[in-house]
2 protein chains.
Amino acid sequence: MSPTSSSDVLIRKLQSISDLREGDIDVLKDIQIQEKDFLANYDLVREGDRPVNSFVVLDGLLGSTKLTGDGKRQITSFFVAGDIPDLHGLHLSVMDCNFTTLTAARLGFMRHDALRAICEQHPRIATAFWRSTLIDAAIYREWVTNVGRREAYTRMAHILCELIFRLRSVGRIQDHVADLPITQAALGDALGLSTVHVNRMLQELRRRGLIATTGPRVQALDWPGLTRAGDFETTYLHQRNPAA
Amino acid sequence: MSPTSSSDVLIRKLQSISDLREGDIDVLKDIQIQEKDFLANYDLVREGDRPVNSFVVLDGLLGSTKLTGDGKRQITSFFVAGDIPDLHGLHLSVMDCNFTTLTAARLGFMRHDALRAICEQHPRIATAFWRSTLIDAAIYREWVTNVGRREAYTRMAHILCELIFRLRSVGRIQDHVADLPITQAALGDALGLSTVHVNRMLQELRRRGLIATTGPRVQALDWPGLTRAGDFETTYLHQRNPAA
DNA sequence: CGTCACCTTGAGTGGCTTCAAACGGAGTGG
DNA sequence: CCACTCCGTTTGAAGCCACTCAAGGTGACG
């Protein structure tokens, strides 16, 4: 077990979105979690799969992705450390999307039958997991709005705000700098934009002094300005105990 | 109580997406449901609200909507008879979107504390409700993809497919005709398109013999053709017992 | 008969796409 | 050590999808 074990990542996350008691935390500590590493651009789950376990993100960036009939890819959401992307699979038997690593990632796998047993015996934990999927849904809603009604520049700023905010709230940001080895092509797939246009919008954000990028690192130089540019409000992320 | 009571609508819906036993159904029958009628374009829930009850749609069409900073509206999902749009509010305390009637509608209200009590004592019912919110999330995912990566014509066909399919699966379609008094402006807000362009895409669908419209009624003249035009697969709707 | 809400049509514009090519850094093998 | 490749970023130019603006048409309703 590493200093911050996979259980810790899971528990800290659930604490940050719901109210758990000591007893609940002890139960969570006993969940068997199998760690495994993956390279970038690996499909962990594919549309049509019937998964028997869910995983918590321990490190790295994932996305839920869908492919259209003519082969275009849409990333419908990002997942950072602490998130449990395919918790939806616990009750959706057949998956309707893929879960793909967007960077190298470390994941912790948990068996569905174990999770189901816990949910039956510990309603408060069940509620915490349920709430986690509801926050995912809220993020999807925001993304529909982002892609449907905001223009490219605002859209770009918005998604950067979300990423930075979420990374910060799980302690993955040092000195306002986010380690984000995500390609511009992936950003395009998330925003419904072409790679070329993503590049131009990023340049515009840099030109206006809102962000700086050095290789895979993104830095918000002017957070208030960036949130204004991105029409970003944190309500939809439903953070409850930011301290945790 | 009307011949098809509000409980019936709720129960039939939950049966169509999950496996319930006789005992569960008896419990559901005892839920207090308060019926109420609404006109079109009424905000039932607003962003920032902390609702104390959820409602099941008994008749009519609703949408979850969000407003951007500059006042543009995005409809992020539709809700038809049987759906429980703001079940998300059961565990999200502060709402991040509005729920608006898009047509005149009849709704059945259920108190949150009653629902929470039931979920604690009947894990199978809790799972059914949870699953209902997971299907909402799956629909949001599909909408992100639809708005982000499909062009207007396909996008339009897709949303019509979804609406017709969902209405049919709850028995609200007679002779392939859907009663849909939805405005083209609302369709635009759902698709991230201007009203003008919605109008032109509908014309194109009519011209190609895929749909017919007479006033507020929409008819799929060529269902296979329409699903092909809309790149529509039913996986993401996660229907389990279509017979029910 | 006037009003209102919604649908329809036309013309001009622009945001974003596509296509194509050049550039830069990291890793590899001769 | 240098060529070579690969992957991702950057830049330019041309074109189209969808938008905006504006006006006219239609049906419902008081």
Rounded to the nearest Å, what distance is computed from the [atom1] atom of residue [X] to the [atom2] atom of nucleotide [N]?
X      : N      : atom1 : atom2 : value
A/L202 : D/dG8  : CG    : P     : 15 Å
B/R150 : D/dC17 : CZ    : C1'   : 18 Å
B/H197 : C/dG15 : NE2   : C1'   : 14 Å
B/E204 : D/dC17 : CD    : P     : 12 Å
B/R149 : C/dT17 : CZ    : C1'   : 11 Å
A/R155 : C/dG15 : CZ    : P     : 13 Å
B/M201 : C/dT9  : CE    : P     : 13 Å
B/L193 : D/dC17 : CG    : P     : 14 Å

Where the side chain of A/V196 is defined as all heavy atoms beyond and including C-beta, which of C/dA20, D/dT20, C/dC16 is the nearest nucleotide?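 Taking heavy atoms from C-beta onward, the closest nucleotide is C/dA20.
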Looking at C/dT17, C/dC7, D/dA18, which one has an atom nearest to any side-chain atom of B/E151?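 Ranking C/dT17, C/dC7, D/dA18 by closest atom to the B/E151 side chain puts D/dA18 first.
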So, the side chain of B/D83 versus the backbone of B/V80: is there a donor-acceptor pair under 3.5 Å, distance only?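 Checking the backbone N and O of B/V80 against the side chain of B/D83, a donor-acceptor pair under 3.5 Å is found.
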Would you check if the side chain of A/T101 reaches a backbone N or O of A/Y42 as a donor-acceptor pair within less than 3.5 Å?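 Yes; at least one donor-acceptor contact below 3.5 Å.
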Categorize A/G188 for me: base, sugar-phosphate, or nothing, with a 4.0 angstrom heavy-atom threshold over every strand shown.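 Counting heavy atoms under 4.0 Å across all strands, no contact is made by A/G188.
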Ion pair present between B/R150 and A/D70, side-chain N to carboxylate O less than 4.0 angstrom?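 So B/R150 does not pair with A/D70 through a salt bridge.
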Report yes if at least one side-chain N or O of [X] is closer than 4.0 Å to OP1 or OP2 of [N]; otherwise report no.
X      : N     : result
A/Q203 : D/dT9 : no
B/Q184 : C/dT8 : yes
B/R206 : C/dT8 : yes
B/N199 : C/dC7 : no

Identify the heavy atoms of A/Q74 and A/D189 that sit nearest to each other, and give their distance.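 Heavy-atom minimum between the residues: NE2-O, 2.9 Å.
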Starting at the 5' end of DNA chain D and moving along, which residue's nearest nucleotide shows up first, A/T183 or A/R200?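 Its nucleotide being nearer the 5' end, the pick is A/T183.
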What verdict does the side-chain contact (heavy atoms from CB on, under 4.5 Å) test give for A/I33 and A/F55, after you've listed the backbone C-alpha separation in whole Å, the side-chain angles of each residue and the deciding distance to 0.1 Å? CA-CA 8 Å; A/I33 302 183; A/F55 52 85; over 6 Å; no
